[in-house]
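Notes to accompany the following structure.
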Number of protein chains: 2
Amino acid sequence: MTDMTFTRIQCDSCPIRHRAVCARCDDDELALLEAIKYYRSFEPGQTIVWSGDQMDFLGSVVEGIATLNQTMEDGRTQMVGLLLPSDFVGRPGRGTAAYDTVAATKLTMCCFRRAPFEELMVRTPHIAQRLLEMTLDELDAAREWMLLLGRKTAREKIASLLVIIARRNSTGTKATPTDGAHFDLPLTREATADYLGLTLETVSRQISALKRDGVIVLEGKRGITVPDFHRLIEETGDDTDGGVLV
Amino acid sequence: MTDMTFTRIQCDSCPIRHRAVCARCDDDELALLEAIKYYRSFEPGQTIVWSGDQMDFLGSVVEGIATLNQTMEDGRTQMVGLLLPSDFVGRPGRGTAAYDTVAATKLTMCCFRRAPFEELMVRTPHIAQRLLEMTLDELDAAREWMLLLGRKTAREKIASLLVIIARRNSTGTKATPTDGAHFDLPLTREATADYLGLTLETVSRQISALKRDGVIVLEGKRGITVPDFHRLIEETGDDTDGGVLV
DNA sequence: GCCGTCCGTTGATTTCGATCAAGGTTACGA
DNA sequence: TCGTAACCTTGATCGAAATCAACGGACGGC
């Protein structure tokens with residue numbers, strides 16, 4: 001299989017085409033994007049970019065999960081971004097990474113070389129408009145995350161994370177999964193702790209507590225089944241009257 | 001003074017023109033913006049928009065301070081946005097507010113009616129590009145805030161907030177104020193607590209502690225002088241090697 | 001098979017910030 | 001001038017999560 005064929009095969013299912021920058025591109029523009037596009041793979045735990053490094057590409061997650069992390073001098077770490085398939089990575093107009101970008105699982109990214117992408121963006125207004133929409137969505141997610149970090153209890157934090165993962169896993173954005181939903185927690189206890197602003201011991205204890213109380217069922221270390229999804233949502237502390245907003 | 005005159009006078013010093021959406025507008029476009037623009041004033045404590053309400057305008061803060069707040073069912077509140085003069089409010093493409101927007105001080109906003117503004121945005125690509133830049137800046141700020149909420153101690157949180165306020169107060173973005181910098185904390189202890197994910201008692205205690213340790217000097221309840229700015233920065237827990245990034 | 005490493009769990013104890021409670025100060029209106 | 005309400009401070013105590021510590025299971029290499 002040649003590189004070219006590989007690229008085309010990926011492209012058919014590439015979320016870029018469907019949910020990200022090219023959502024409204026015509027064929028000519030898509031051809032230009034194809035020309036500056038390439039794929040990269042990473043292993044779990046591998047750091048893609050270090051904070052402060054030059055970052056000569058932008059891109060989207062095709063498969064797997066990446067995280068953005070901020071670390072203080074003394075080692076305290078806070079995750080500030082969780083990138084699932086179709087999420088965009090990198091900031092147009094700035095070539096320097098502000099955060100460590102780390103592969104949490106086996107990861108495939110679809111990258112665009114920075115300079116030609118930014119050129120294309122200037123010539124193609126709806127790319128900036130689409131990126132604006134995506135960035136506003138990310139800002140909303142960040143603000144919900146801030147409520148979680150600042151005001152929720154450890155138990156509510158865990159429940160909230162499970163709901164977020166379950167929702168992104170089920171088809172359709174923001175869909176409420178059916179009862180009995182099953183999914184894998186894609187993060188280690190430590191990464192989960194960094195997401196939630198907790199220690200890994202507290203994460204472990206609270207997951208055990210939710211299991212003990214029958215809110216979730218564990219299969220192995222990572223597999224999770226939710227017998228009653230509404231019950232889990234109640235544990236998050238969020239408004240239960242459904243996500244009308246966002 | 002007629003309304004029209006008032007508008008024009010404000011416009012000369014209106015941050016909209018200089019730092020927000022019209023940064024690169026030509027005269028025709030500016031004239032269009034003028035036509036759909038109006039000013040609104042609010043008193044401290046007044047809620048501008050409630051979460052879930054219809055929001056038929058977008059705009060910028062001209063003078064004073066507004067906050068975005070998220071509240072849980074049981075009353076726990078987290079501030080998720082602090083809007084200083086020149087900051088943009090509202091989300092193009094969504095007419096429903098996601099957060100409570102509250103005036104923290106006497107406040108003047110410059111508003112654009114939603115429908116014509118969004119029309120103008122479609123016709124004028126660099127407005128979307130400018131808004132994208134601003135939104136990315138806000139996202140960066142939100143992520144720094146997440147580190148603060150998730151991993152910093154109460155003392156570090158207070159110090160970080162003081163640095164943020166002092167920097168925005170001094171001329172030039174991200175400038176490091178001179179030693180002896182003096183400014184007013186524009187938030188009540190309660191609003192400060194909602195910003196930092198603390199209780200108002202803890203805020204009060206930590207401010208007293210920083211005063212006791214000579215890091216800051218208080219003048220009245222809100223006035224603050226920083227004798228040694230570098231000393232304050234050390235208290236934030238952030239990298240001391242200066243904001244090379246952002 | 002055995003060893004070492006990584007990941008996760010659980011227990012004992014400590015600690016930081018929350019909570020409960022009491023006053024103090026300032027501003028403003030009657 | 002006094003009274004009151006909003007805002008702030010400080011003290012005593014409590015509790016949730018951090019920290020310190022030990023252990024167990026899964027996996028991979030030798």
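Here is the naming used below: chain letters follow the sequence lines, and residue numbers restart at 1 for every chain.
For Thr67(B), the side chain to side chain donor-acceptor pair (under 3.5 Å) partners at least two apart in sequence or on another chain are Asn69(B). Lys211(B) is linked by a salt bridge (charged side-chain N to carboxylate O under 4.0 Å, His left out) to nothing, counting only residues two or more places apart in sequence or in another chain. Looking at residues two or more places apart in sequence or on another chain, you find no salt bridge (charged side-chain N to carboxylate O under 4.0 Å, His left out) involving Arg205(B). For Glu219(A), there are no salt bridge (charged side-chain N to carboxylate O under 4.0 Å, His left out) partners at least two apart in sequence or on another chain. Residues satisfying the side chain to side chain donor-acceptor pair (under 3.5 Å) criterion with Arg91(A), sequence neighbours excluded, are Asp137(B), Asp140(B). With sequence neighbours excluded, the residues forming a side chain to side chain donor-acceptor pair (under 3.5 Å) with Asp213(B) are Arg155(B), listed by chain and number. With sequence neighbours excluded, the residues that form a side chain to side chain donor-acceptor pair (under 3.5 Å) with Ser160(B) are Lys152(B).
For the pair Leu200(A) CG and dT9(C) C1', the interatomic distance rounds to 10 Å; values are reported in whole Å. Across the protein-nucleic acid pair, Lys211(A) atom NZ and dG8(C) atom P stand 14 Å apart, rounded to whole Å. When the P atom of dC6(C) is taken as reference, atom CD of Glu190(A) falls 11 Å away, rounded to whole Å.
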Check: residues 192-200 of chain A side-chain donor-acceptor pairs under 3.5 Å, at least two apart:
from, atom 1, to, atom 2, distance (Å)
Thr192(A), OG1, Thr188(A), O, 2.7
Asp194(A), OD1, Arg151(B), NH2, 3.1
Thr199(A), OG1, Thr202(A), N, 3.3
Thr199(A), OG1, Thr202(A), OG1, 3.1

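Atom CG of Asp238(A) sits about 7.0 Å away from atom CG of Leu147(A), to the nearest 0.5 Å. In this structure, the separation between CD on Glu43(A) and OG1 on Thr105(A) is 9.5 Å, given to the nearest 0.5 Å.
For Glu190(B), the CD atom counts as loosely surrounded, since its 6.0 Å shell holds 12 or fewer non-hydrogen atoms of other residues, nucleotides or ligands.
The side-chain tip of Arg40(B) points at the ring of Phe57(B) from less than 6.0 angstrom away and within 45° of straight on.
For the helix from dG1(C)-dC30(D) to dA30(C)-dT1(D), the rotation axes defined at the first and last 5 base pairs enclose an angle of 30°, given to the nearest 10°.
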Measure all distances between protein nitrogen or oxygen atoms and nitrogen or oxygen atoms of nucleotides 19-27 of chain C, and list the pairs falling under 3.5 Å.
from, atom 1, to, atom 2, distance (Å)
dT19(C), O4, Arg205(B), NH2, 2.8
dC20(C), N4, Glu201(B), OE2, 3.3

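Non-hydrogen atoms lying under 4.0 Å from DNA chain C are contributed by Thr153(B), Ala154(B), all within residues 146-160 of chain B.
When DNA chain D is scanned in the 5' to 3' direction for atoms under 4.0 Å from non-hydrogen atoms of chain B, the outermost contacting nucleotides are dC7(D) to dA12(D).
Contact annotation for Gly197(B): backbone-only contact, meaning every heavy-atom pair under 4.0 Å involves sugar-phosphate atoms and none involves a base. Residue Arg222(B) is classed as a sugar-phosphate contact, given heavy-atom separations below 4.0 Å to backbone atoms only. Within 4.0 Å of Ser204(A), counting heavy atoms only, lies at least one base atom of the nucleic acid.
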Query raised in the report: Step by step, would you call Arg76(B) with Glu156(A) a salt bridge (Lys or Arg N to Asp or Glu O under 4.0 Å)?
Result: CA-CA 13 Å; Arg76(B) 281 176 280 174; Glu156(A) 288 169 340; 2.8 Å; yes

